[in-house]
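Here the structure is laid out as structure tokens; the discussion comes afterwards.
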Protein chains: 2
Amino acid sequence: MPVTERAYHHGNLREALVDAGLRLLDEGGVEAVGIRSAARLVGVSHAAPARCFPTATSFLAAVAAVGYGRLAAALTEAVDAAEDTLSAFRAVGLAYVGFARREPNTFRMLTHPSLADKSRHPDLLEASNRAFDVLREAVLRAQDDGHVAPASPAALALTAWSTVHGISALIVDDQLAAKGYTGDPDDLADEVLATLFLGMRPVPGPPA
Amino acid sequence: MPVTERAYHHGNLREALVDAGLRLLDEGGVEAVGIRSAARLVGVSHAAPARCFPTATSFLAAVAAVGYGRLAAALTEAVDAAEDTLSAFRAVGLAYVGFARREPNTFRMLTHPSLADKSRHPDLLEASNRAFDVLREAVLRAQDDGHVAPASPAALALTAWSTVHGISALIVDDQLAAKGYTGDPDDLADEVLATLFLGMRPVPGPPA
DNA sequence: TTCCTATGTTGATAGTGTCAACATAGGACC
DNA sequence: GGTCCTATGTTGACACTATCAACATAGGAA
């Protein structure tokens with residue numbers, strides 16, 4: 001028997017269940033991910049997940065934590081690919097929206113109402129904070145280079161996060177046309193980010 | 001028998017169920033609202049709601065629509081109380097955040113993942129649009145008075161909506177401290193809105 | 001007065017999460 | 001080297017949910 005599979009008596013059941021949860025999420029949306037379905041997919045009894053995940057929401061939290069990890073990776077990649085701190089700041093915003101559009105179900109899982117109280121799920125909180133840190137540090141570096149006003153970095157980062165999250169939510173739920181915007185979602189993301197950057201600029205008015 | 005109660009054979013069962021749903025929402029959060037619980041609360045059989053709401057999510061949609069109505073009312077009230085168009089624009093942003101803080105469960109219901117596809121729930125879509133329109137028109141009026149850049153109103157309104165929604169989501173889920181902001185949520189809302197207004201200003205840089 | 005439809009009821013089915021009791025494999029310890 | 005002991009998983013049950021089909025009935029239409 002191969003050691004890589006069916007070795008659930010050795011601790012990789014949790015990982016296998018999370019993988020199954022991600023597949024369920026991808027295929028059937030947030031509603032489709034449950035411990036019994038995941039157990040069925042893994043090929044284990046319906047009560048086995050209870051050992052790894054004492055409650056159903058703790059399972060959701062584990063799946064969402066992976067989602068935040070993917071988001072953090074996407075943001076990090078965008079920052080690393082940028083040439084200067086200002087374009088990095090811009091890139092991280094676009095990467096956030098791009099991630100939401102690429103993985104809408106994952107994006108929705110991140111704000112699942114059952115996971116609203118993140119203090120109950122330390123791993124999820126940490127994964128969320130790690131993704132946020134990528135954006136926060138991009139703001140900090142742009143601030144160091146004088147591209148962003150010398151205000152509280154925490155507030156600025158929260159502003160940026162709020163903006164990109166909000167516009168992503170609208171785009172993912174197809175609310176643009178209903179709200180009177182008929183153009184390309186990417187163009188809107190550009191416009192929204194431009195407004196954001198304008199508001200975060202250091203001085204009241206640079207030359208042009 | 002009083003005509004106001006127990007007259008469910010005459011068409012007000014739907015309303016009674018929605019009321020029950022709102023109570024369930026308020027007391028037990030988004031997870032607590034279901035058709036069977038609502039039926040129990042109203043004092044009707046478990047399958048009665050099926051006549052008014054063919055599916056469970058259609059019931060959620062009806063409850064959420066009332067939530068959007070409340071939101072629209074709060075925004076309208078804020079706009080009406082303002083003295084000029086610029087302060088009205090500011091007031092509507094603060095009112096959005098204030099509503100989210102006052103009714104966190106209602107706020108979460110508005111973005112419930114089951115309701116992501118609003119095209120399936122015309123009433124919900126309309127209620128959502130109505131709330132958005134209050135903010136959109138506030139932007140338009142501020143633009144007419146020269147307080148906002150002459151860009152696409154739809155894009156500007158979506159930017160503002162995104163920002164206030166994003167910051168509300170973070171505040172409601174108690175994510176401020178975890179994200180490095182230790183101050184008062186209201187102060188943060190002020191800061192975020194200030195940045196938003198700065199970015200939406202008409203010219204690159206007014207005097208001060 | 002006689003239907004007919006709108007509105008609820010009853011009962012059944014399939015799915016979910018959670019708990020308690022039981023089985024067992026593998027390492028720990030003497 | 002043999003004996004427990006614990007971690008891991010199974011089985012079965014319970015309560016809850018949504019959804020469907022079959023049935024009942026009240027009130028208006030013809």
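We use all heavy atoms of the structure for the numbers below, so side chains are in, but hydrogens, waters and symmetry mates are not. Convention: sequence-line order gives letters A, B, ...; per-chain numbering from 1.
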* To do: Write down the distance between CZ (Arg40(B)) and P (dA18(D)), rounded to a whole number of angstrom.
  => 9 Å

* Structure fact -> Per nearest nucleotide of DNA chain C, the residue lying toward the 5' end, Ser37(A) or Cys52(B), is Cys52(B)

* Centroid separation His165(A) to Phe132(A) less than 6.0 Å -> no

* Measure the distance from CZ on Phe59(A) to C1' on dT16(C) and round it to the nearest whole Å. => 14 Å

* Using atom CG of Asn12(B) as one end and atom P of dA6(C) as the other, report the distance to the nearest whole Å. => 18 Å

* Asked: Do Phe107(A) and Phe99(A) have ring centroids that are under 6.0 Å from one another?
  -> no

* To do: Please check the phosphate of dA18(D) (OP1 and OP2 only) for any side-chain N or O of Thr55(B) closer than 4.0 Å.
  => no

* Asked: Within the structure shown, what part of the strands sits under 4.0 Å from Ala48(A) by heavy-atom distance: base, sugar-phosphate, or nothing?
  -> base

* Distance in angstrom units between Leu60(B) CG and dA18(D) P, rounded -> 9 Å

* Structure fact -> Of the listed dT18(C), dA18(D), dT11(D), the closest approach to the Ala56(B) side chain comes from dA18(D)

* Asked: For His46(B) and dT7(C), what is the distance between atoms NE2 and C1' respectively, to the nearest whole Å?
  -> 15 Å

* Asked: Does CD in Glu31(A) sit with more than 12 non-hydrogen atoms of other residues, nucleotides or ligands closer than 6.0 Å?
  -> yes

* To do: Could you check Glu191(A) against Ser152(B) for side chain to side chain donor-acceptor pair (under 3.5 Å), going step by step and ending with a plain yes or no?
  => CA-CA 9 Å; Glu191(A) 260 190 275; Ser152(B) 149; 4.7 Å; no

* Length of the CD-P vector between Glu31(B) and dT18(C), whole Å -> 11 Å

* Asked: Around atom CZ of Arg102(A), are there more than 12 heavy atoms of other residues, nucleotides or ligands at under 6.0 Å?
  -> yes

* To do: Could you tell me whether Ala47(A) contacts a base, only the sugar-phosphate backbone, or nothing, with contacts defined as non-hydrogen atoms closer than 4.0 Å?
  => base

* Ile35(A) CD1 to dG15(C) C1': how many Å, rounded? -> 13 Å

* To do: Using whole Å, report how far CZ of Phe53(A) lies from P of dA7(D).
  => 18 Å

* Asked: Between Arg36(A) and dC16(D), is there a side-chain N or O to OP1/OP2 distance below 4.0 Å?
  -> no

